[in-house]
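So the structure is just underneath, and the comments pick up after that.
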Amino acid sequence: MPELPEVEVVRRGLLDHVVGRHITRAAITGLRVARRHVAGPEDLADRVSGTTVTAASRRGKYLWLVLDGDEALIIHLGMSGQMLVKPGDAPREKHCHAAFDFADDGPQLRFVDQRTFGGLALSPLGTDGIPDAVRHIAPDPFEPVFDQVSVVRRMKARESAVKRALLDQSLVSGIGNIYADEALWRARVHGERVCASLTKPVLSRVLDHAREVMAEALTQGGTSFDALYVNVNGASGYFDRSLHAYGRDGTPCDRCGARMRREQFMNRSSFSCPACQPRPRTSRTAMAPRLP
DNA sequence: CTTTTCTCCTGTATGC
DNA sequence: TGCATACAGGAGAAAA
């Protein structure tokens, strides 16, 4: 569930509660949480211990703590990951996979992840502030280096569906299924329209809407981090009532009143308005079945 | 090379 | 009531 706004809420929480603190001990449980850390969980725990957290950064849905200014502890929340700040004597969560203790005897930092799609890894920090392990991810729409003209140009060259492009983290990062549907609803574009069949101004508008809807979600999720608790689910749940497309099948379109529909696309659910977002003409659909 | 499908995981909701 | 099945979905590996 966590997309860019929810991850940003967590980053801000880490900025408030973890940056500046000295890690004395890390406990990694199981093999899966550090599966992206090639050297293994023990190596990760050893190398994190004794460092000071100097920054909390993010690109798209990737989050990382900068350690001693030159290494990054990559945190990906996956589907259900949470970073929790909890007193050390608080009961251990059922799906707690990592815990960090600090020299100040303040609260612990815990990584809790029910479905274990998330994980932790260590990666060298490049001179541009991006860890090597995040280099394959494109800038998100809020970064100064995000080049919308360039992204639109690359989209225009694609024969794939526009929703697929929005979800492609190597093209533009941070957008997931929910905000893709919201951006497409706002732009009145069906997600299965082929990128190349849309004009550059329309493609650019879709990206503008994606940026805007994520900015709005962020303003509403900004309070979900209280003194001792990082609540990722709380952030997305709070924005729920502002959604116009996602999960709205069967209800009237907030713009025109037509009955919102639900379709399967990329093995995911897609929500759209049949009147505002007409399906592409069959002469030019994405994902034409490929014959053997 | 690009593009698409498959796979990882578990709590919750639904159907019989 | 109990059991089986569908669903949620980010992203990387594998396949086309």
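Convention: sequence-line order gives letters A, B, ...; per-chain numbering from 1.
- Direction of the helix axis in the helix from B:dT2-C:dA16 to B:dC16-C:dG2 shifts by 50° between the two five-pair termini, rounded to 10°.
- Put simply, A:His95 has no side-chain N or O that comes within less than 4.0 Å of OP1 or OP2 on B:dT10.
- Of the two residues contacting DNA chain B, namely A:Lys94 and A:Arg35, the nearest-nucleotide position lying further toward the 5' end is that of A:Arg35.
- For the residue pair A:Arg135 and A:Ile130, the shortest heavy atom distance occurs at NH2-O, 2.6 Å.
- In this structure, A:Ser269 reaches the C:dA8 phosphate: one of its side-chain N or O atoms is under 4.0 Å from OP1 or OP2.
- Residues of residues 110-124 of chain A having a heavy atom closer than 4.0 Å to DNA chain C, listed by number: A:Arg115, A:Phe117.
- Nucleotide B:dC9 holds its C1' atom 16 Å from the CG atom of A:Asn267, rounded to whole Å.
- When each of C:dC7, B:dC8, C:dG10 is scored by its nearest atom to the side-chain atoms of A:Asn177, the top-ranked nucleotide is C:dG10.
- Distance CD1 (A:Ile175) to C1' (C:dA11): 15 Å, rounded to an integer number of Å.
- Contact record, A:Arg158 with A:Cys195: O-CB, 3.5 Å, taken as the closest heavy-atom pair.
- If you take CG of A:Asp249 and P of C:dC7, they are 12 Å apart, rounded to a whole angstrom.
- Evaluation of the side chain to side chain donor-acceptor pair (under 3.5 Å) rule for A:Ser173 yields no partner, not counting sequence neighbours.
- Judged by distance alone, with hydrogens and angles left aside, A:Arg268 brings a side-chain donor or acceptor within reach of the base of C:dG10, the pair sitting under 3.5 Å.
- The distance between atom CD of A:Gln264 and atom C1' of C:dA6, rounded to the nearest whole Å, is 10 Å.
- The two residues A:Thr24 and A:Ser49 make their nearest non-hydrogen contact at O-CB, 3.8 Å.
- Residues that satisfy the side chain to side chain donor-acceptor pair (under 3.5 Å) test with A:Ser170, not counting sequence neighbours, are A:Asp168.
- The pair A:Arg211-A:Asp208 meets the salt-bridge criterion, with a side-chain N (NZ, NE, NH1 or NH2) lying under 4.0 Å from an Asp/Glu carboxylate O.
- Listed candidates were C:dA11, B:dT3, C:dG10. Nearest to the side chain of A:Tyr62 is C:dA11.
- The residues A:Lys163 and A:Asp181 are annotated as salt-bridged, a charged nitrogen and a carboxylate oxygen being separated by less than 4.0 angstrom.
- Of the candidates B:dC9, B:dG11, C:dG10, C:dG10 carries the atom nearest the A:Lys61 side chain, counting heavy atoms from C-beta on.
- Rounded to whole angstrom, the span from the CE atom of A:Met79 across to the C1' atom of B:dC8 amounts to 12 Å.
- Remark: P of C:dG10 and CZ of A:Arg164 are 14 Å apart, rounded to the nearest angstrom.
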Next on the checklist: For A:Arg261 and A:Ser272: C-alpha separation, side-chain torsions, deciding distance, then whether side-chain hydrogen bond (donor to acceptor under 3.5 Å, both in side chains) applies.
Outcome noted: CA-CA 6 Å; A:Arg261 68 183 161 203; A:Ser272 60; 2.9 Å; yes
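- Atom CD1 in A:Ile74 sits about 11 Å away from atom P in C:dG12, given to the nearest Å.
- Pairs passing the side-chain hydrogen bond (donor to acceptor under 3.5 Å, both in side chains) check and including a residue from residues 62-76 of chain A, sequence neighbours excluded, read A:Arg47-A:Glu71.
- Of the side-chain N and O atoms in A:His76, none sit less than 4.0 angstrom from OP1 or OP2 of C:dG10.
- Among residues at least two apart or in separate chains, salt bridge (Lys or Arg N to Asp or Glu O under 4.0 Å) pairs with a member in residues 107-122 of chain A are A:Glu93-A:Arg110.
- Put simply, NE2 on A:His97 is 11 Å from P on B:dC9, counting in whole angstrom units.
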